[in-house]
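What follows is a short report on a single structure.
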Amino acid sequence: MPDSSSDAPGGRRRDPPGSLQAPLWRSIAVYRFAALAYVAVLAVRNLNDYTHPVSGAVLLLAMTGWTVFSGYAYADPVWRRWPLLLADLAVVLAVVVAAPLVVGRDVMNDGGIPPPSVAWLAGPVLAWAVSGGRRRGVVAALVIGGTDLVARERFAQASLTGAALMLLAGIAVGHVVRLAVIAEERLQQAVELEAATRERERLARGIHDSVLQVLALVQRRGAHLDGEAGELARLAGEQEVALRSLIASRAPNGLDRQEVDLRSLLGRYASATVSIAAPATPVPLPAGVAGELAAAVGAALDNVARHGGGRGWVLVEDDRAAVTVSVRDDGPGIPPGRLDEAAGQGRLGVVQSIEGRIVDLGGTVRISSAPGEGTEVELRVPRGPAIPEQRTDR
């Protein structure tokens with residue numbers, strides 16, 4: 001149960017808007033008052049038959065006071081913790097123990113007069129089940145049901161039936177609460193996805209109106225030029241196509257769970273200067289994960305072309321735990337401290353385009369390089385949940 005909620009008038013707190021568990025707490029309060037009304041009708045009807053009628057009236061008054069207090073307290077999410085849960089259980093146990101003394105065990109067992117705690121004693125079972133699921137509900141039902149059986153000193157069918165009903169109520173309500181928690185989590189994910197999609201569309205409109213138009217203009221104006229100007233136009237055209245492909249995706253990265261073969265995404269990087277070695281069998285990954293991993297490989301190969309100027313090799317390794325992609329080149333290597341210096345200058349190609357992508361996926365990046373010996377970038381992405389960590393050897 002989340003304890004952080006919005007403030008309500010009077011300094012109290014309330015459940016977040018749309019909370020699926022809030023109606024359950026209100027239902028428990030309604031049940032408590034309905035059970036109290038039923039108990040009051042029975043008490044008024046049978047009060048003259050009690051062994052201690054005055055004590056019966058006092059006990060009914062105490063039950064009324066606790067019903068009002070618990071209904072008020074459970075309405076505030078901050079109060080729904082162990083002190084209140086344990087106090088609720090203790091009060092009901094005290095009523096269960098006192099009921100046979102007030103009514104009289106002979107009157108209750110032989111005369112068939114129900115104790116004042118009948119029906120009302122299930123309140124803590126429901127509260128424990130809503131606060132912690134089936135296990136808490138079962139524990140509360142066993143404690144209260146066992147205490148009730150011991151206090152009666154005679155195991156009758158009615159008492160056994162009451163204990164069994166409380167146990168079933170604890171299991172059923174706890175299961176419903178678990179389903180409500182799952183549904184609330186999925187609803188929150190859907191809301192976050194919708195918000196992310198809208199933000200992506202907003203950014204896409206801005207990019208389309210500015211960056212894409214500039215890239216297209218550069219590509220058109222320099223398409224027929226020679227030398228560095230022609231190369232710049234070609235690169236602008238490639239980046240325009242890549243950027244259009246990126247913003248055309250409707251779902252944010254990592255949220256598309258449909259699996260794709262990583263080999264098909266990496267195959268587009270193969271060229272006369274880049275060799276790709278991959279397993280003969282498919283390397284399936286969720287589409288979002290595969291796309292981010294392939295983009296990180298592309299960023300590493302861009303660094304090879306820009307700074308290395310030599311050949312590049314891509315090796316894909318797949319096992320049950322993770323997928324590892326190694327990008328190696330025969331370039332001049334990276335001098336010690338060069339990556340930190342580049343990051344300090346605001347050049348974040350490695351930090352964001354490579355390490356940032358992989359770390360967001362819960363993977364690791366290892367960069368091995370020395371002057372004159374080339375560079376190897378190892379990208380490892382787990383197939384299951386992993387703790388994000390980063391390790392860089394230079």
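Using a 4.5 Å heavy-atom cutoff, the side chains of S368 and E378 are not in contact. Between L42 and P116 the shortest side-chain heavy-atom distance does not fall below 4.5 Å. Looking only at side-chain heavy atoms (C-beta outward), V274 and W313 stay at 4.5 Å or farther from each other. A heavy-atom distance below 4.5 Å is found between the side chains of W25 and V130. Using a 4.5 Å heavy-atom cutoff, the side chains of R105 and P115 are not in contact. The side-chain heavy atoms of M108 and P114, taken from C-beta on, include no pair separated by under 4.5 Å. Looking at V377 and L379, their side chains come closer than 4.5 Å, going by heavy atoms from C-beta outward. Looking at Y74 and L85, their side chains come closer than 4.5 Å, going by heavy atoms from C-beta outward.
Contact detail for V327 and A300: the closest heavy-atom pair is CG1-CB, 4.1 Å. Of all non-hydrogen atoms in V39 and V118, the two that sit nearest each other are CG2-O, 3.1 Å. For the pair D148 and V96, the tightest heavy-atom approach, listed with the atom from each and the gap, is CA-CG1, 3.5 Å. Taking each heavy atom of D318 and P282 in turn, the nearest pair found is OD2-O, 4.3 Å. For the pair A98 and L59, the tightest heavy-atom approach, listed with the atom from each and the gap, is CB-CD1, 4.5 Å. Taking each heavy atom of A99 and S117 in turn, the nearest pair found is CB-OG, 4.1 Å.
No donor-acceptor distance shorter than 3.5 angstrom exists from the side chain of N46 to the backbone of D49, with no hydrogens or angles considered. A donor-acceptor contact shorter than 3.5 Å is absent between the side chain of R135 and the backbone of A129. With hydrogens and angles disregarded, a donor-acceptor distance shorter than 3.5 Å links the side chain of D261 to the backbone of V283. Of the possible donor and acceptor atoms, one in the side chain of Y269 sits under 3.5 Å from a partner among the backbone N and O of A294. Judged purely by atom type and a 3.5 angstrom limit, R263 has no side-chain atom pairing as donor or acceptor with the backbone of A278. Checking side-chain atoms of R152 against main-chain N and O of T147 turns up no donor-acceptor pair under 3.5 Å. Without hydrogens or angle criteria, T67 side chain to R32 main chain gives no donor-acceptor distance under 3.5 Å.
In the hydrophobic clustering of ILVMFWY residues, with side-chain heavy atoms under 4.5 Å counting as a link, V30 and M63 come out apart. L142 and V125 end up in different hydrophobic clusters when Ile, Leu, Val, Met, Phe, Trp and Tyr side chains are linked at under 4.5 Å. Put simply, W120 and L167 are part of two different groups of oily side chains (I, L, V, M, F, W, Y) that touch within less than 4.5 Å, one to the next. Cluster membership for V177 and V138, using ILVMFWY side-chain heavy atoms within less than 4.5 angstrom, is not shared. Linking ILVMFWY side-chain heavy atoms closer than 4.5 Å, directly or via other members, places L89 and V95 in a single hydrophobic cluster.
From L266, atom CG reaches atom CG of L301 across 9.0 Å, with rounding to the nearest 0.5 Å. Here CZ of R366 is found 10.0 Å from OG1 of T324. Values are rounded to the nearest 0.5 Å. From L36, atom CG reaches atom OH of Y38 across 13.0 Å, with rounding to the nearest 0.5 Å. Distance check: I276 CD1 to S271 OG gives 8.0 Å after rounding to the nearest 0.5 Å. Atom-to-atom distance recorded for L193:CG and Q189:CD is 9.0 Å, nearest 0.5 angstrom. Distance check: R45 CZ to I113 CD1 gives 9.5 Å after rounding to the nearest 0.5 Å.
With a 6.0 Å cutoff to the six-membered ring centre and a 45° limit on the axis angle, R136 does not count as a cation-pi contact of W128.
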Walk me through it: do L285 and E259 pass the test side-chain contact (heavy atoms from CB on, under 4.5 Å)? CA-CA 5 Å; L285 283 174; E259 289 192 342; over 6 Å; no
Let's go through L293 and L262 carefully: what are the C-alpha distance in whole Å and the side-chain angles of both, what is the deciding distance for side-chain contact (heavy atoms from CB on, under 4.5 Å) to 0.1 Å, and is it a yes or a no? CA-CA 8 Å; L293 180 54; L262 178 63; 3.6 Å; yes
Going through the distances and angles, do F69 and L84 end up as a side-chain contact (heavy atoms from CB on, under 4.5 Å)? CA-CA 11 Å; F69 172 78; L84 179 60; 4.2 Å; yes
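W66 and D88 form a side-chain donor-acceptor contact under 3.5 Å, judged by distance and modelled atom types alone. Side-chain contact annotation: S275 with R311, donor-acceptor N/O pair under 3.5 Å present. Judged purely by distance below 3.5 Å, without hydrogens or angles, the side chains of S326 and R328 never pair a donor atom with an acceptor atom. Side-chain contact of T364 with R380: a donor-acceptor pair under 3.5 Å is absent, judged by distance alone.
In the displayed structure, N48 atom CG is contacted under 6.0 Å by at most 12 heavy atoms of other residues, nucleotides or ligands.
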